[in-house]
Visitor: 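Structure incoming, see below.
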Amino acid sequence: MKKVYDSAAAALDGLLFDGMLIAAGGFGLCGIPELLIQAIREAGTRDLTVASNNAGVDGFGLGVLLESRQGRKMISSYVGENAEFMRQYLSGELELEFNPQGTLAERMRAGGAGIPGFYTKTGVGTVIAEGKEHKEFDGETYILERGIVADLSIVKAWKADPSGNLVFRKTARNFNPPAATCGRVCVAEVEEIVPLGSLEPDSIHLPGIYVHRLIQGQHEKRIEQRTVRKRA
Amino acid sequence: MAWDRNQMAARAAQELQDGWYVNLGIGIPTLVANYIPDGIEVTLQSENGMLGMGPFPFEGEEDADLINAGKQTITELPKTAYFDSAQSFAMIRGGKIAMAILGAMEVAENGDLANWMIPGKLVKGMGGAMDLVAGVGRVVVVMDHTSKHGESKVLKHCTLPLTGQGVVNRIVTNLGVLDVVPGGLRIVECAEGVTEAELRAATEATIVD
């Protein structure tokens with residue numbers, strides 16, 4: 001079965017439908033599937049629920065899907081750098097389910113691992129715990145959180161081989177592996193597809209079993225907070 | 001007189017112990033890395049998936065794939081390891097991180113912490129803060145003691161939505177250092193040039209001896 005596609009639009013063909021749940025990798029603008037996001041924008045799919053730690057910034061990353069009003073709901077831990085996100089949320093145009101960052105990552109991991117729910121201390125005694133089952137283990141209170149299974153996962157990696165084995169680079173790994181595993185279908189975009197046999201099998205970060213479709217492309221890789229120090 | 005941002009960070013750095021794995025929050029806590037005492041080796045965790053966080057890069061050496069949890073460009077060290085977000089929070093939730101140093105909007109005498117939203121005004125999100133306060137061994141908060149309007153942010157009860165309940169161990173402010181103890185807060189020390197009376201006057205929380 002061929003996993004490599006010529007373009008983001010071709011790789012998403014037949015996978016998109018209105019009202020779907022998409023899990024996206026990335027942290028801030030680092031390691032985001034920018035090509036697939038743009039292709040979803042162009043496809044015009046509507047009423048999306050997107051599980052992603054952030055929503056990009058105005059005009060880049062998932063922010064472009066908010067600008068085009070394709071999003072109905074975000075499941076995120078942080079919206080601080082996106083004015084349009086905050087405006088749509090405060091005006092009630094966009095639903096927002098806040099998840100603590102580790103809870104969101106574990107919900108994706110669990111969903112991909114066949115675990116429908118798990119107990120965590122995170123959020124006990126806060127608004128996050130409201131309406132959730134509480135249970136005591138060894139004298140401590142935990143809340144039940146559900147695994148996420150998405151209709152589609154979109155992720156970005158550094159390198160792939162044609163079988164879909166992925167290697168990430170530095171902190172651009174972040175949410176990509178858990179997001180990839182929790183989708184019924186996962187499409188990955190990478191900077192380079194290398195020949196079979198050229199990735200060290202011991203150094204694969206995400207085995208190709210999780211990756212169904214693959215594209216190679218040019219990434220802008222925008223930096224959100226350029227911070228430097230002076231040379232001595 | 002009181003401590004400025006850098007002096008608060010330097011004081012918070014005195015909390016570090018040799019060999020610890022530590023997570024520093026955004027803002028003043030990030031500055032703590034500049035004041036790690038000589039002879040103390042700590043490994044900084046960045047919850048977006050890195051242990052062994054190095055300093056900011058030299059100009060021209062920024063790497064879009066290498067950022068901290070505040071989305072700032074950073075560098076790696078010889079001991080650096082990268083991992084995904086699920087593993088990052090597994091080590092946080094699993095109690096492997098000895099201490100987190102975090103900012104706060106409000107803190108209460110029972111150790112409650114609020115630092116993620118002001119209803120109707122400011123919605124940032126909790127990011128990893130709820131996971132950190134629930135999972136790490138020790139939580140130190142670094143914050144201004146009072147608001148711009150002079151109101152105490154060290155309270156009997158938090159008024160803002162909580163990040164965690166009963167999670168704070170120690171508070172470092174521009175006016176001094178306080179510990180959360182049974183019955184309220186205990187003054188550990190006053191900042192340079194601040195009297196105990198001034199510290200008490202700026203504190204709404206119950207102070208116990």
Side-chain angles (χ1 to χ4, degrees), chain A residues 25 27-31 53-54 76-81 85-86 89-90 96 98-106 108-110 120-129 158 168-179 181 205-206 219-231, chain B residues 26 30 46-50 53 55-76 80 82-93 112 114 116-117 120-135 161-167:
Chain A
F27 180 93
L29 300 181
C30 183
N53 188 58
N54 314 80
S76 302
S77 86
Y78 194 80
V79 301
E81 272 93 25
F85 190 145
M86 202 182 296
Y89 168 63
L90 290 175
L96 172 59
F98 268 125
N99 274 197
Q101 193 174 144
T103 294
L104 179 58
E106 188 64 13
M108 291 180 179
R109 196 202 68 80
T120 177
K121 268 192 296 189
T122 301
V124 171
T126 75
V127 295
I128 294 304
W158 182 36
F168 300 91
R169 188 170 174 275
K170 302 183 188 286
T171 57
R173 193 180 322 182
N174 57 57
F175 273 81
N176 284 294
T181 64
H205 294 141
L206 189 75
H219 291 84
E220 179 183 338
K221 299 215 287 186
R222 199 181 289 186
I223 291 175
E224 201 165 331
Q225 305 279 347
R226 190 176 299 275
T227 322
V228 296
R229 71 188 139 129
K230 288 262 180 284
R231 282 175 202 279
Chain B
I26 295 165
T30 302
S46 191
E47 67 264 26
N48 52 321
M50 179 183 197
M53 186 167 47
F56 296 137
F58 292 120
E59 198 167 348
E61 294 177 2
E62 311 92 302
D63 184 339
D65 289 336
L66 183 44
I67 64 168
N68 64 16
K71 285 99 176 178
Q72 296 170 306
T73 45
I74 48 161
T75 56
E76 63 187 22
T80 293
Y82 299 110
F83 35 84
D84 69 55
S85 298
Q87 183 164 19
S88 179
F89 284 92
M91 67 183 73
I92 288 169
R93 214 185 291 107
D112 286 0
W116 71 281
M117 79 173 294
K121 267 192 192 167
L122 175 75
V123 189
K124 280 175 176 283
M126 69 291 290
M130 283 191 183
D131 310 274
L132 281 161
V133 298
L162 295 184
T163 307
Q165 207 172 40
V167 294

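Naming convention: chains lettered A, B, ... in sequence-line order (proteins, then strands); numbering from 1 in each chain.
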Visitor: If you count heavy-atom pairs under 4.5 Å with chain A, which of B/F58, B/F56, B/F83 comes out on top?
Guide: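 Of the candidates given, the most pairs with chain A belong to B/F58.
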Visitor: Need one label for B/I67: side chain, backbone, both or neither, based on atoms under 4.5 Å from any heavy atom in chain A.
Guide: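 Answer is both: backbone and side chain atoms of B/I67 are under 4.5 Å from chain A.
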Visitor: Report the distance from atom CD of B/Q72 to atom CD of A/E224, rounding to the nearest 0.5 Å.
Guide: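 Answer rounded to 0.5 Å: 10.5 Å.
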Visitor: Distance from A/R109 atom CZ to B/F89 atom CZ, nearest 0.5 Å?
Guide: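 Here the rounded value is 14.5 Å.
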Visitor: Between A/A105, A/P100, A/A172, A/G125, who has the most heavy-atom pairs with chain B when the cutoff is under 4.5 Å?
Guide: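 Among A/A105, A/P100, A/A172, A/G125, the one with the most close pairs to chain B is A/P100.
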Visitor: Could you tell me which portion of B/E76 (side chain, backbone, both or neither) has an atom closer than 4.5 angstrom to a non-hydrogen atom of chain A?
Guide: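 For B/E76, the side chain is the part near chain A, not the backbone.
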Visitor: Taking the side chain from A/T122 and the backbone from B/A134, do they hold a donor-acceptor pair closer than 3.5 Å?
Guide: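 Answer holds: no.
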Visitor: Please look at A/I128 and chain B and tell me whether the side chain, the backbone, both or neither of the residue comes under 4.5 angstrom of a heavy atom of that chain.
Guide: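 For A/I128, the side chain is the part near chain B, not the backbone.
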Visitor: Roughly how far, to the nearest 0.5 Å, is CE of B/M126 from OG of A/S76?
Guide: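 Answer rounded to 0.5 Å: 10.0 Å.
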Visitor: So which of B/P55, B/G60, B/G49 has the biggest tally of heavy-atom pairs under 4.5 Å with chain A?
Guide: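 Top count of heavy-atom pairs under 4.5 Å with chain A: B/P55.
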Visitor: Find the one option among A/K221, A/R231, A/E106 whose heavy-atom pairs under 4.5 Å with chain B are most numerous.
Guide: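 Looking at each option in turn, the highest pair count goes to A/R231.
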Visitor: For B/Q165 and A/V124, work out which heavy atoms get closest and say how close.
Guide: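 For B/Q165 and A/V124, the tightest heavy-atom pair comes out as CB-O, 4.2 Å.
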Visitor: Of all of B/G166, B/A64, B/P57, which one pairs up most often with chain A through heavy atoms under 4.5 Å apart?
Guide: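 Result: the option with the highest number of such pairs is B/P57.
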Visitor: Would you mind reporting whether B/D84 and A/N176 have side-chain heavy atoms less than 4.5 Å apart?
Guide: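 A side-chain contact under 4.5 Å is absent here.
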Visitor: Heavy-atom distance under 4.5 Å to chain B: side chain of A/N54, backbone, both or neither?
Guide: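 Only the side chain of A/N54 comes within 4.5 Å of chain B.
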Visitor: Who wins among B/R93, B/E59, B/M117 for the most heavy-atom pairs under 4.5 Å with chain A?
Guide: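 Winner by heavy-atom pair count: B/R93.
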Visitor: For A/F85, is it the side chain, the backbone, both, or neither that has a heavy atom closer than 4.5 Å to a heavy atom of chain B?
Guide: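 Neither; nothing under 4.5 Å.
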Visitor: Counting distance only, does the side-chain N/O of B/T73 pair as donor-acceptor with the main-chain N or O of A/T227 below 3.5 Å?
Guide: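 Yes, because the side chain of B/T73 sits within donor-acceptor range (under 3.5 Å) of the backbone of A/T227.
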Visitor: Without swapping roles, check the side chain of A/R226 against the backbone of B/E62 for a donor-acceptor pair under 3.5 Å.
Guide: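 Side chain of A/R226 to backbone of B/E62: no pair is present.
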Visitor: Are the side chain of B/D65 and the backbone of A/R169 linked by a donor-acceptor contact shorter than 3.5 Å?
Guide: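 No, the answer is negative, given that no donor and acceptor are paired below the 3.5 Å cut-off.
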Visitor: Between B/S46 and chain A, which part of the residue has a heavy atom less than 4.5 Å away: side chain, backbone, both or neither?
Guide: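 B/S46 has no heavy atom closer than 4.5 Å to chain A.
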Visitor: If you count heavy-atom pairs within less than 4.5 Å of chain B, which of A/N53, A/N174, A/V127 leads?
Guide: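 Sorted descending by pairs with chain B, the first entry is A/N174.
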Visitor: On a heavy-atom basis, which atom in B/G70 and which in A/Q225 lie closest, and how many Å separate them?
Guide: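 B/G70 and A/Q225 have their closest heavy atoms at O-CG, 3.6 Å.
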Visitor: Given the options A/W158, A/F168, A/Y89, which has more heavy-atom pairs under 4.5 Å with chain B than any of the others?
Guide: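 Greatest number of close heavy-atom pairs with chain B: A/Y89.
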Visitor: Of the backbone (N, CA, C, O) and the side chain (C-beta and beyond), which part of B/N68 lies under 4.5 Å from a heavy atom of chain A, both, or neither?
Guide: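 The backbone, not the side chain.
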Visitor: Let's go through B/W116 and A/F98 carefully: what are the C-alpha distance in whole Å and the side-chain angles of both, what is the deciding distance for side chain to side chain contact (heavy atoms under 4.5 Å, CB included) to 0.1 Å, and is it a yes or a no?
Guide: CA-CA 11 Å; B/W116 71 281; A/F98 268 125; 3.5 Å; yes
Visitor: Given heavy-atom pairs under 4.5 angstrom as the criterion, report whether the side chain, backbone, both or neither of B/A69 touches chain A.
Guide: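 Contact with chain A: backbone and side chain both.
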Visitor: Answer whether the closest heavy-atom distance between the side chains of B/K71 and A/L29 falls below 4.5 Å.
Guide: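 With C-beta onward as the side chain, the pair stays apart.
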Visitor: For the interface with chain A, which of B/G127, B/A86, B/G125, B/A129 has the highest count of heavy-atom pairs at distances below 4.5 Å?
Guide: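 Result: the option with the highest number of such pairs is B/G127.
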Visitor: With no hydrogens and no angle check, is any side-chain donor or acceptor of B/D131 less than 3.5 Å from a backbone partner on A/Q101?
Guide: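 Yes, because the side chain of B/D131 sits within donor-acceptor range (under 3.5 Å) of the backbone of A/Q101.
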Visitor: I need the A/T171 OG1 to B/M53 CE distance, nearest 0.5 Å.
Guide: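 With rounding to 0.5 Å, OG1 (A/T171) is 10.5 Å from CE (B/M53).
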